[in-house]
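Reading through the structure tokens given below for one structure.
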Protein chains: 2
Amino acid sequence: MRDIAAELGIEAASLYSHIKSKDEILETICFRMADELLRAIDEVNDVYFNAEEKLATAIRNHVKIVTGDLNSSTVFLREWRRLPAEKLAEFVKLRNKYEDGFTQILINGENENVFEAPDKKFAVLTILSAVNWITEWYSPKGNMTPDEIAEHLFRFITTGLRVKITE
Amino acid sequence: MRDIAAELGIEAASLYSHIKSKDEILETICFRMADELLRAIDEVNDVYFNAEEKLATAIRNHVKIVTGDLNSSTVFLREWRRLPAEKLAEFVKLRNKYEDGFTQILINGENENVFEAPDKKFAVLTILSAVNWITEWYSPKGNMTPDEIAEHLFRFITTGLRVKITE
DNA sequence: CGGAATTACTAACGTTTGTTAGGTAAATAT
DNA sequence: ATATTTACCTAACAAACGTTAGTAATTCCG
């Protein structure tokens, strides 16, 4: 709290004119971002039909949200376990719903015979590892825009590293 | 320190008969695991020739190390930033060397015309995201062994999600 | 311009944290 | 059996932490 206050140029005790508690800050960050991600994936599953387009859009949305506020994303990804017990349980439900959203896309892809993911949970977790790991290395000053990152990730996730024979 | 001591059934003050400081514990965990990973990747680059085999072995080694001690791996992945400044700088160098090891594999793969990764840094970071994310979900009680996880990851990383036309 | 509302301050509190010091008990070595 | 070493204890310390209470300063509004 003293570090946050120092960033703002005020005393730690002054923060309590604006917030209720440190936990409230964490809850706001985590739930606001979770809600944003959930809204994005729900829209993807509602609006799009083509599984490839769904996946591409879901990845782009995720990358845009994560890179849109790196500080919040970093807190969201690293600190969610420190939510108070009741909020933590609620949060985990949201995470699971989000994963389910990606699973739905993979199921659609299999039905359309464009994706092949026998172990969908594994595939979804690996996709999420890629999009979430962006907080470890992304910089707005870097040479890739969020859309380029999303495009790279989509290609990596769908076609992998192997040289494409048909090209 | 009180939590660690409680796990051991002793008082926090008693820990100091066995260790120097809390920082020492963190340093030991981080550098021991970094050294282990570096030894593994160096051996892969020395011993193997075939890039696919290199990558498969590098992934298998990483997964084996990470799943071999989940507690240490979790601390290693999440807490390395809390190393004291000098140790942190040293640690970052080791991380970079490890990434370089993977980059070397991708370069070999391109020379052999089996891999295609124009942006190698991006590809390496995405590979590392997958192997490191294991700490988020792996359980020894789960239905996948570390070798199976490594195999799945290798397949995902090399061929992606798309249905293989040649099959 | 004065009063109300808002924001920020200082001081303080209770709790938590990492660690030290001195003492005691247990284990080990001679 | 005695001496030494090791491990653990209690007690304590200083610093850090999240937050409250009362007061002061600033801003806003009629």
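Here the structure is a predicted model, which means the values were calculated and not measured.
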Donor-acceptor contact present, side-chain [X] to main-chain [Y], <3.5 Å:
X      : Y      : result
B:T135 : B:N132 : yes
A:E79  : A:V75  : no
B:K54  : B:I105 : no

Whole angstrom is fine here: how far is it from [atom1] in [X] over to [atom2] in [N]?
X     : N      : atom1 : atom2 : result
B:I19 : C:dT19 : CD1   : C1'   : 10 Å
A:I4  : D:dT19 : CD1   : P     : 10 Å
B:M1  : D:dA12 : CE    : P     : 21 Å
B:E24 : C:dT20 : CD    : C1'   : 16 Å
B:L26 : C:dT17 : CG    : P     : 17 Å

When the aromatic ring centroids of B:F91 and B:F76 are compared, is their separation below 6.0 Å? yes
Please work out whether the ring planes of B:Y98 and B:H62 are parallel, tilted or perpendicular, with thresholds of 30° and 60°. tilted
Between A:Q104 and A:N108, does any side-chain donor sit less than 3.5 Å from a side-chain acceptor? yes
Which ones in residues 9-17 of chain B lie close to DNA chain C, meaning a heavy atom under 4.0 Å from one of its atoms? B:A12, B:A13, B:Y16
Between A:H18 and C:dT6, is there a contact of a side-chain N or O with OP1 or OP2 at under 4.0 Å? no
